[in-house]
Visitor: 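Handing you this structure, nothing more for now.
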Amino acid sequence: MNRVFIKTYGCQMNERDSEQVASSLRDRGYSVVDNEFDADVVLLNTCSVRDQAEQKAIGKAGYLAKRKKTDPNFMIGVMGCMAQNRGSELLERLPDLDLVVGTQRFHAVPDHLDHLVQSYAAQGPRPSSIVDLDEEADSQNTIKDHLPKDNQVRAFVSIMQGCNMNCAFCIVPKTRGSERSRPMEHIVEEIEELAERGVKEVTLLGQIVTSYGRREFPVVGGKSPFVQLIEKVNDIAGIERIRFTSPHPRGFKQDLVEAYRDVPKLCEYVHLPLQAGCNKTLRAMNRPYTKERYREIVESLRAVAPDMYFSTDIIVGFPGETAADFEESAEFFEDIGFDMSYIFKYSIRSGTLAADMNDQVPTGEKERRNQVLLDILSKRSLWRNQQLVGKTEEVLVEGPAKKGDRFTGKTRGYRNALFDGDERLIGQLVQLKVDRATASSIYGDLVLAGVDID
Ligand code: 5AD
């Protein structure tokens with residue numbers, strides 16, 4: 001009864017939380033397997049950002065529950081955002097769930113599973129479900145260091161939890177609670193350990209990383225706590241690349257812009273959520289900036305790092321977004337020139353401000369707007385990759401690609417690179433002479449002079 005499979009939905013924060021749960025379960029003697037069929041326990045780590053994400057996980061849990069008929073000791077748990085958002089109501093819908101664990105209680109999963117395993121082993125009546133959705137003071141400090149997998153080159157590091165903004169569309173403040181930051185020295189220690197184990201690239205994670213430590217730590221020499229943290233990570237031997245996600249335009253100040261000039265390991269890539277390129281819609285969304293301010297940030301970044309790559313989140317069909325508002329947004333989206341973007345069709349989240357707004361946009365119209373942005377994005381993305389043909393790019397080798405026999409890695413601009421490689425290159429920075437590009441990847445040959453393949 002000790003084989004656990006964890007399925008993760010949603011964002012990188014969820015990926016990171018799943019890694020932590022996996023690591024704590026291994027420490028407790030469980031074996032974490034890579035598919036549901038070999039598992040005695042399946043844990044779904046869920047997302048609530050859109051209804052579709054919740055429905056997917058609910059569907060999966062329902063499907064898994066059928067297995068209890070033939071295998072009564074099979075256990076199913078739901079963790080994370082949907083657990084927090086829907087709470088014990090989930091059990092009404094899915095009475096076969098054994099475990100429901102919220103976003104501040106991931107570290108309690110091994111205890112709960114131990115308890116359930118014992119109860120099942122006693123072969124009495126089916127043990128009652130455990131629901132643990134408590135808020136936990138200092139839960140940011142329960143984020144324990146975790147071991148990277150073998151050969152893991154990139155790692156996510158959680159630096160804070162929660163969100164104090166009040167975007168009209170967003171359920172996250174409810175699912176993740178209010179903002180709490182981890183102490184800088186804990187984060188630095190964790191990254192030092194990751195570096196010792198061969199990790200070369202870290203992505204600092206938080207709902208709004210630009211708010212990191214703003215109540216806990218002072219500004220020093222004009223630098224925000226977040227920029228101070230980036231500088232400290234830059235000093236860690238073995239770490240070659242730093243990224244973060246996600247900043248908020250409101251907190252994106254000159255000190256962070258200058259970090260792209262002054263901090264060598266900080267990659268020329270930023271994921272900066274726009275949400276809408278029309279001031280009327282931004283206002284309705286409760287996003288406290290204008291498109292002019294957003295453009296100013298983009299321009300100041302291009303001024304210090306001309307090769308900067310931009311990625312964003314944008315929502316189409318927010319309530320009240322007219323066809324003309326959308327046109328304005330799409331034009332701005334094209335104008336900025338995003339190299340990557342997540343495009344979301346607005347989804348009503350009950351309990352948020354926008355859920356009760358008039359003028360909801362019909363599904364078909366959301367589809368259309370979605371497609372318009374996708375077309376702009378794929379054109380731009382192809383163009384950007386084509387600019388690299390004939391050039392040499394630094395690539396961090398990650399390992400064999402999922403399909404085919406090529407190897408894969410990322411450039412500093414987070415472009416996906418495919419090339420003939422070798423196991424011994426994993427974790428190394430190599431030079432790639434680019435000879436071909438698609439919208440999603442660049443292809444080429446490695447320039448191997450000076451690379452260590454002993
Ligand atoms: N509908 C659609 N997209 C949403 N997002 C957040 N809430 C919603 C919603 N109700 C998007 C935002 C956010 C990303 C993680 O998800 O763009 O940045």
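Remember, it's 1-based here, ligands and their atoms both numbered in the order they're listed. Throughout, residue positions are numbered sequentially from 1 according to the sequence presented. Given the structure is predicted, the values throughout are model-derived calculations rather than measurements.
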Visitor: Return the protein residues near ligand 1 (heavy atom under 4.0 Å from any of its atoms), ordered by chain and residue number.
Guide: V49, R50, F169, Q275, D313, I315, F344, K345, Y346, S347, R349
Visitor: With the threshold set at 4.0 Å, does a side-chain nitrogen-carboxylate oxygen contact exist between K410 and E201?
Guide: no
Visitor: What residues, two or more places apart in sequence or in another chain, satisfy side-chain contact (heavy atoms from CB on, under 4.5 Å) together with D335?
Guide: R295
Visitor: Got N279 and E292 here, is their nearest side-chain heavy-atom distance under 4.5 Å?
Guide: yes
Visitor: For residues 7-14, which side-chain donor-acceptor pairs fall under 3.5 Å, sequence neighbours excluded?
Guide:
from	atom 1	to	atom 2	distance (Å)
T8	OG1	S18	OG	2.7
N14	OD1	R176	NH2	2.7
N14	ND2	Y9	O	2.8
N14	ND2	T46	O	3.1

Visitor: Is the closest basic N to carboxylate O distance between R28 and D111 below 4.0 Å?
Guide: yes
Visitor: Taking ring pair (Phe, Tyr, Trp, His ring centres under 6.0 Å) as the definition, give me every residue that meets it alongside H248, ordered by chain and number, with sequence neighbours left out.
Guide: Y289
